[in-house]
Student: 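I'd like to ask some things about the structure below.
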Amino acid sequence: MRRTLFFLALIPMLALGCRNTKEQDSQAIDLIMETDIGNDVDDALAMDMLYKYHEAGIINLLAVCINKEGPAPGEFVDILNTWYGHPDIPIGIIRKGAFCENDGTNYAKAVVNLKNDEGKPLFDRTLNGYDDLPEAPDLYRKILSKAKDKSVVIASVGFSTNLARLLQSGPDEYSKLDGKTLVEKKVKLLVTMAGNMAEPGYHEYNIVRDIPAAKEVFENWPTPIVTSPFELGRQIKYPATSIENDFDWAGPHPMVEAYKAYMQMPYDRDTWDPTAVLYAVEGDKWFTVSEPGTIKVTDEGSTLFTPDEKGTRRYISVDKTQAEAIKAHFIELITSKPANKK
């Protein structure tokens, strides 16, 4: 039943398993992923989804921008790009961002350090010199300057630091436009995993790690924003039974190894970031979408939604039926084989 639901629900192009027509590319969503990968393993699940969408021609994954400091996140994304067969996807990093190295098990570092029986790295890389990767705001400006107007969707599942810096950026070699004007011209939608709309006093992690940046984005980002809040992802948990039983075909799998490294198995993990990616790619058919309004970030890090018919901020929610359908959809998509593994 799960498999039937999956193939009925997902765009039929996914069955093609590869990007093979100009028509697909013209219909694909141009998407940039913004992630604090290495902090919570749901980022790795979300990345798996993006590679599947990309190779099916549903999205063009233009770049992966990282807002967690350190060498491991960039190297881990290079491992993912390489393992999934898309080594040319650009990577942007952050410098002098929010420090979060001790906030939890850094599964990115754990996977980067894995060795095979011969003592060599378990996973192949494509790049060298991860400290030389471009800063994310510069990469955004380079990509956006070449994009069609109102064409790019950004899925942000971490801190707002890179996005705030993009807004505050000035003209450069890529564009004569300041950051806010460039975003307004080129970006269609920003989808975030951030905040908590059910508990006004809750201080959600992605917000509190850089409150000034979150304020900047929610107050001044010039395009519509749709937020997948904390309480949504908590309702849908990716099951340990899938990690343990559904990847026998894969051999060493960086997403699976990340899941195993993050916490002692078995555990089911909330799908905060996959829900944001799901909305960014597949839209509102899986969710209940709020009325328009504004979202204010308080000085303490709470998020307050106020309905306003002229507002450009919305958030998504699910009931039990929707949550079960999304869970089944996640499992089917994430356990499917990438095109280069078939």
Side-chain angles (χ1 to χ4, degrees), residues 31-40 42-43 46-47 62-77 90-104 106 108 130-131 133-144 152-170 172 174 178-180 182-184 186-187 189-196 203-223 225-230 272-273 276-277 280 295-303 313:
L31 189 142
I32 300 174
M33 179 63 162
E34 173 73 31
T35 172
D36 61 338
I37 199 155
N39 279 336
D40 197 311
D42 60 324
D43 292 76
M47 287 298 301
L62 302 179
V64 179
C65 292
I66 299 167
N67 49 66
K68 176 182 171 64
E69 283 210 68
E75 189 170 357
F76 180 67
V77 172
I91 302 170
I93 61 173
I94 193 168
R95 295 185 177 92
K96 297 181 180 180
F99 183 79
C100 54
E101 193 67 11
N102 300 320
D103 289 356
N106 188 335
Y130 299 99
D131 289 340
L133 288 169
E135 290 197 44
D138 294 335
L139 184 57
Y140 273 114
R141 290 189 61 86
K142 180 179 180 179
I143 292 172
L144 292 179
V152 177
V153 173
I154 299 174
S156 176
V157 298
F159 318 136
S160 300
T161 314
N162 286 332
L163 300 179
R165 291 177 182 178
L166 171 61
L167 288 181
Q168 296 162 357
S169 65
D172 60 7
Y174 303 118
D178 63 79
K180 186 175 181 179
L182 183 63
V183 168
E184 185 175 20
K186 299 295 186 176
V187 176
L189 175 67
L190 170 62
V191 180
T192 68
M193 188 280 119
N196 186 325
H203 302 155
E204 190 272 319
Y205 181 76
N206 286 350
I207 298 289
V208 300
R209 269 304 178 195
D210 193 341
I211 293 173
K215 282 176 172 282
E216 173 74 13
V217 169
F218 278 103
E219 291 177 11
N220 296 319
W221 189 266
T223 80
I225 298 176
V226 176
T227 292
S228 179
F230 176 83
W272 294 294
D273 297 348
V277 165
I295 295 176
K296 178 182 178 181
V297 177
T298 69
D299 292 340
E300 297 75 29
S302 299
T303 45
R313 294 7 180 178

Student: Considering residues, nucleotides and ligands other than Lys215, do more than 12 of their heavy atoms fall under 6.0 Å from its NZ?
Tutor: yes
Student: Look up atom CG in Leu163 and atom CZ in Phe218, then write down how far apart they are to the nearest 0.5 Å.
Tutor: 9.5 Å
Student: Using 0.5 Å steps for rounding, measure from the CD1 atom of Ile91 to the CZ atom of Phe76.
Tutor: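 Going from the CD1 atom of Ile91 to the CZ atom of Phe76 covers 11.0 Å.
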Student: Kindly indicate, with the supporting measurements, whether the criterion side chain to side chain contact (heavy atoms under 4.5 Å, CB included) is fulfilled by Tyr205 and Asp40.
Tutor: CA-CA 11 Å; Tyr205 181 76; Asp40 197 311; over 6 Å; no
Student: Take Met33 and Val157, measure what side chain to side chain contact (heavy atoms under 4.5 Å, CB included) needs, and give me the verdict at the end.
Tutor: CA-CA 8 Å; Met33 179 63 162; Val157 298; 3.5 Å; yes
Student: Flag the pair Ile211 / Val297 as yes when at least one side-chain heavy-atom distance between them is below 4.5 Å, and no otherwise.
Tutor: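 In contact.
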Student: So, taking the atom named OG1 in Thr35 and the one named CZ in Phe159, what distance separates them when rounded to the nearest 0.5 Å?
Tutor: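 Rounded to the nearest 0.5 Å, the OG1-CZ separation comes out at 9.5 Å.
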Student: Looking at residues at least two apart in the chain, or sitting in another chain, which of them share a side-chain hydrogen bond (donor to acceptor under 3.5 Å, both in side chains) with Asp138?
Tutor: none
Student: Donor-acceptor check, side chain of Arg95 to backbone of Asp131, threshold 3.5 angstrom: yes or no?
Tutor: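 Confirmed, Arg95 side chain pairs with Asp131 backbone.
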Student: State whether the side chain of Lys68 and the backbone N or O of Ile37 hold a donor-acceptor pair below 3.5 Å, judged by distance alone.
Tutor: no
Student: Quick one: pull up OG in Ser156 and CH2 in Trp221 and give me the separation to the nearest 0.5 Å.
Tutor: 8.5 Å
Student: Donor-acceptor pair, distance only, cut-off 3.5 Å: does the side chain of Thr303 make one with the backbone of Asn196?
Tutor: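 Yes, the answer is positive, given that a donor and an acceptor are paired below the 3.5 Å cut-off.
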Student: Where the side chain of Glu204 meets the backbone of Asn206, is there a donor-acceptor pair that is under 3.5 Å apart?
Tutor: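 It does hold such a pair.
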Student: Can you name the side-chain contact (heavy atoms from CB on, under 4.5 Å) partners of Pro212, sequence neighbours left out?
Tutor: Asp210
Student: Hey, does the side chain of Asn67 reach the backbone of Thr161 with a donor-acceptor pair shorter than 3.5 angstrom?
Tutor: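 A pair under 3.5 Å: no.
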Student: Under the side-chain hydrogen bond (donor to acceptor under 3.5 Å, both in side chains) test, which residues partner Glu69, sequence neighbours left out?
Tutor: none
Student: Between Asn162 (side chain only) and Ile94 (backbone N and O only), is there a donor and an acceptor less than 3.5 Å apart?
Tutor: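 Side chain of Asn162 to backbone of Ile94, a donor-acceptor pair under 3.5 Å: no, none is there.
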